[in-house]
Amino acid sequence: MTENPVRVRIAPSPSGYLHVGTARMAIANFLYARHTSGQFLIRIENTDAARSDDSLIEPIISALKWLGIESDEEIIFQSDRIELYKKHAQQILNDGKGYRCFCSPELLAADRAEAVANKGPLRYNRRCLNLSQEEIDKKIADGEKFAIRIQIPEGQTTFNDIVSSDLKRDNVEIEDFIIARSDGTATYNLAVVIDDNDMKISHVVRGNDHVTNTFKQIHIYNALGFTLPTFGHVPLILRPDKKKVSKRLGDKDVAQYKEEGILPEAMFNFLCLLRWSPKTDREIYNVEELIEIFNPNHFNNSNAIFNEEKLEAFNKEHIVLKSDHELATLVAPLLVDAGFTTKYWLETRWEYLRSVVSILKTRVRRISEFVALSKYFFEFDYTYDPQADEKNFTPEAVDLLNQFAERLEKLDTYSKETIEKALSEYALEKEIKKGKLIHPTRLAVSGIPNGPGLYDLLLVLGQEAVVERMKKAALYIQQK
RNA sequence: GACCCCAUCGUCUAGUGGCCUAGGACACUGCCCUUUCACGGCGGCGACACGGGUUCGACUCCCGUUGGGGUCGCCA
């Protein structure tokens, strides 16, 4: 690839957990950086002390880490840079590119209400733009609080966007927004520009919901004499009801998907292919492959709906792709949590777990499903499925079970082949169809009417357990 | 309401003027495989929002309409 290395970032604010929208942007930026051998950085945007909660930072970082995304450099915290922002706000004011606004929040709210009533644009009316020096001095002397607004010059603002085409806006549509609050602290837009500039961010790739901010931020870049980065505005991920994902509407934390048995590689792959396409018919890729084929020109420019069913399908594919050992590692703690077994027991019987996982993996869509499906591999006092019991545990099944169990018991070599041979021979001798034998046996050893192929099942459970379970079932039938 | 973005199957998408009676994936569904449930294989259902242009020819270009989304905080 011939593209120059990019320096990109993701800038979550700790006012909530990491939702799929932010995760998606992190993936896009991460891929862009890796693809061009550039750098991917993380910055925590916690300028608003009232809304930010530092205890939310760690979960966000670890959710990203779960996806395999980490910052290439030390994580930047905006809370460490408050004074720096203040200085720049002051500079804009001193340079005459901004002005003091004494309008109270209440007054501003009233302005907005009036604008709504008159069906006009909700923009600041520049009431404080032309205050005379005397008026300003008097208000300050009277102890009136003021915020600092940047003054948007006349004209038009345009920029190139690597996702959409060129974007243009008349400056009258951009209001003189506040860059410093009345307590002197910087607002989001100012802080972002200063940080992106200091961090030498070359490409700002973010959600579509930021285009209005970009138009505003360009004027800060200009006022401060900074050079503009390249922008890219990716369409949003919408909920099935077509609303922007938000925690308020109950959208899940990325970490929650982990709890629900989604593999990080599936989430990564799925999210990557939302609003971005490899332009091929293939859709299952690992991270290395995505890094290789990533191309910022392949973004779609329309919103996409997050469909959990499809995520599950991706998950299924990635589960099959994983080795039995890796899956066993993921499943083991769940089995312990479920109380099926202990950590120690599993550690000493790792091969057993591996084979259990191996014969179950094509019937599972989420890692968590392994638990329900594998109960009988670890617990012996399962009950028999009532319907299957009635159908398969008939009086004649007693002899079948006992006699077949004896044959299995006598097997010197207990393998899939010998098991199958034993069953075929016995069925032939009894002149019955194999099914007559298979169904009761399955029910006897697992308690349920479905599951892995019987020969696999008998092999994995082991000779001893199988014989014991079959005899126990025979006894059960006699007593019922 | 103002401003901006967008518009192919229910959903994710391919498609950059003729290869399209529109391809793939998920979901749904039929058949096959099979001891069961899955996996897998082969089919089916199912979309170019609408109306005007431009053109020999439009899913592809232009305009409008409609629809959807976003932003409009001393939040980020």
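Quick note on labels: first sequence line is chain A, next is B, and so on, each numbered from 1.
- Between B:G69, B:U71, B:G73, one nucleotide has an atom nearer to the side chain of A:R112 than all others, and that is B:G73.
- No cation-pi contact links A:R149 to A:F177, judged by a cut-off of 6.0 Å to the six-membered ring centre and 45° from its axis.
- Rounded to whole angstrom, the span from the NZ atom of A:K322 across to the P atom of B:C39 amounts to 21 Å.
- Using atom C1' as the reference point in both B:C9 and B:G46, the two lie 5 Å apart (nearest Å).
- Separating the P atom of B:U16 from that of B:G53 is a span of 26 Å, rounded to the nearest Å.
- Ion pairing between a basic and an acidic side chain is recognised when a charged N comes within 4.0 Å of a carboxylate O; A:E135 and A:R100 show no such pairing.
- Looking at heavy-atom distances under 4.0 Å, A:I179 makes no contact with the nucleic acid at all.
- Mapped onto RNA chain B by nearest heavy atom, A:P105 and A:L273 fall at different nucleotides, with A:L273 at the one closer to the 5' end.
- A donor and an acceptor atom sit less than 3.5 Å apart, one in the side chain of A:R363 and one in the base of B:C37.
- Counting non-hydrogen atoms under 4.0 angstrom, A:L236 reaches the backbone sugars and phosphates but no base.
- Distance noted for atom P between B:A25 and B:G43: 11 Å (whole Å).
- Counting distance only, with no hydrogens placed and no angle test, the side-chain atoms of A:S182 and the base atoms of B:C74 include a donor-acceptor pair under 3.5 Å.
- A donor and an acceptor atom sit less than 3.5 Å apart, one in the side chain of A:K310 and one in the base of B:A25.
- Checked for salt-bridge contact, A:R123 and A:D176 miss the test: no charged N lies under 4.0 Å from a carboxylate O.
- The CD1 atom of A:I237 sits 16 Å away from the P atom of B:U11 (whole-angstrom rounding).
- Nucleotides B:C20 and B:C33, compared at atom P, are 34 Å apart to the nearest Å.
- Across all strands, A:C101 comes closer than 4.0 Å to no nucleic acid atom at all (heavy-atom distances).
- A salt bridge is defined here as a Lys NZ or Arg NE, NH1 or NH2 lying under 4.0 Å from an Asp or Glu carboxylate O, and A:E45 with A:R9 fails to meet this definition.
- For the pair A:N392 CG and B:C37 P, the interatomic distance rounds to 12 Å; values are reported in whole Å.
- Between B:G69 and A:K244, no contact under 4.0 Å exists linking OP1 or OP2 to a side-chain N or O.
- Between A:N300 and B:A14, a side-chain N or O to OP1/OP2 separation shorter than 4.0 Å is present.
- If you check every strand for non-hydrogen atoms under 4.0 Å, A:P452 touches a base.
- Here, B:C6 and B:G52 have their P atoms 24 Å apart, quoted to the whole Å.
- With A:F102 as the aromatic partner, A:K139 meets the cation-pi criteria of under 6.0 angstrom to the ring centre and within 45 degrees of the ring axis.
- The base of B:A76 lies outside donor-acceptor range of the side chain of A:N189, with no N or O pair under 3.5 Å.
- Closest contact between the side chain of A:H210 and the listed nucleotides B:A76, B:U71, B:C4 involves B:A76.
- Between A:D161 and the choices A:T230, A:D166, A:N301, A:L167, the side-chain contact (heavy atoms from CB on, under 4.5 Å) rule is met once, by A:L167.
- For the C1' atoms, the distance linking B:G67 with B:U8 amounts to 15 Å, nearest Å.
- Between A:R363 and A:E369, none of the side-chain N atoms (NZ, or NE/NH1/NH2) sits under 4.0 Å from a carboxylate O, so this pair counts as no salt bridge.
- For B:C20, the base adopts the anti conformation, since its glycosidic angle falls more than 90 degrees from zero.
- Searching all strands for a Watson-Crick or G-U wobble partner of B:A25 with both distances below 3.5 Å returns B:U11.
- The side chain of A:E283 lies closest to B:G24 when the candidates are B:G24, B:A2, B:U36.
- Residue A:T212 places no side-chain N or O under 4.0 Å from the OP1 or OP2 atom of B:C3.
- When rounded to the nearest whole Å, the span between NZ of A:K433 and P of B:U35 equals 10 Å.
- Considering only side-chain atoms of A:N208, the nucleotide from B:C5, B:A7, B:A76 that sits closest is B:C5.
- A:T441 comes within 4.0 angstrom of no nucleic acid atom, judged by non-hydrogen atoms across all strands.
- At whole-Å resolution of the value, NZ in A:K243 and P in B:U71 are 11 Å apart.
- A:R100 has no side-chain polar atom (N or O) that falls below the 4.0 Å cut-off from OP1 or OP2 of B:C74.
- Atom NZ of A:K279 sits in a crowded spot, with more than 12 heavy atoms from other residues, nucleotides or ligands closer than 6.0 Å.
- Between A:F102 and A:W276, it is A:W276 whose nearest contact on RNA chain B lies nearer the 5' terminus.
- Figure legend. B:C3 is base-paired to B:G70; pairs are counted as Watson-Crick or G-U wobble with both atom distances under 3.5 Å.
- Which of B:C74, B:A27, B:G69 sits closest to the side chain of A:T187 comes down to B:C74.
- Nearest nucleotide to the A:R365 side chain, out of B:G1, B:C26, B:G68: B:C26.
- Under the 30°/60° scheme for interplanar angles, the aromatic rings of A:Y476 and A:Y384 are found to be tilted.
- Going from atom CZ of A:F306 over to atom C1' of B:A25 covers 16 Å, rounded to whole Å.
- A:N213 comes within 4.0 angstrom of a base, heavy atoms only.
- Comparing B:G70, B:A76, B:U36 by their nearest atom to the side chain of A:Q78 picks out B:A76.
- Separating the P atom of B:U35 from that of B:A22 is a span of 40 Å, rounded to the nearest Å.
- Taking the C1' atom of each, B:C50 and B:G18 are spaced 24 Å apart, rounded to whole Å.
- A close approach under 4.0 Å does occur between a side-chain nitrogen or oxygen of A:K279 and OP1 or OP2 of B:A14.
- As judged by a 4.0 angstrom heavy-atom cut-off over every strand, A:S13 is placed among residues touching the sugar-phosphate backbone only.
- Enclosure of atom CD in A:E431 is not indicated, since only 12 or fewer non-hydrogen atoms of other residues, nucleotides or ligands lie within 6.0 angstrom.
- Candidate nucleotides B:C4, B:C72, B:U11 were compared by shortest atom distance to the side chain of A:N307, and B:U11 ranks first.
- As rounded to whole Å, 13 Å separates atom P of B:G68 from atom CG of A:N303.
- Taking only side-chain atoms of A:K242, from C-beta outward, the nucleotide of B:G69, B:C12, B:C37 with the closest atom is B:G69.
- In this structure, of B:G1, B:C12, B:U35, it is B:G1 that holds the atom nearest to the side chain of A:L122.
- Counting to the nearest Å, the P atom of B:C26 and the CD1 atom of A:I305 are 19 Å from each other.
- Within 4.0 Å (heavy atoms only), A:G207 reaches no atom of the nucleic acid at all.
- When Watson-Crick and G-U wobble pairs are counted only if both distances are under 3.5 Å, B:C39 pairs with no nucleotide at all.
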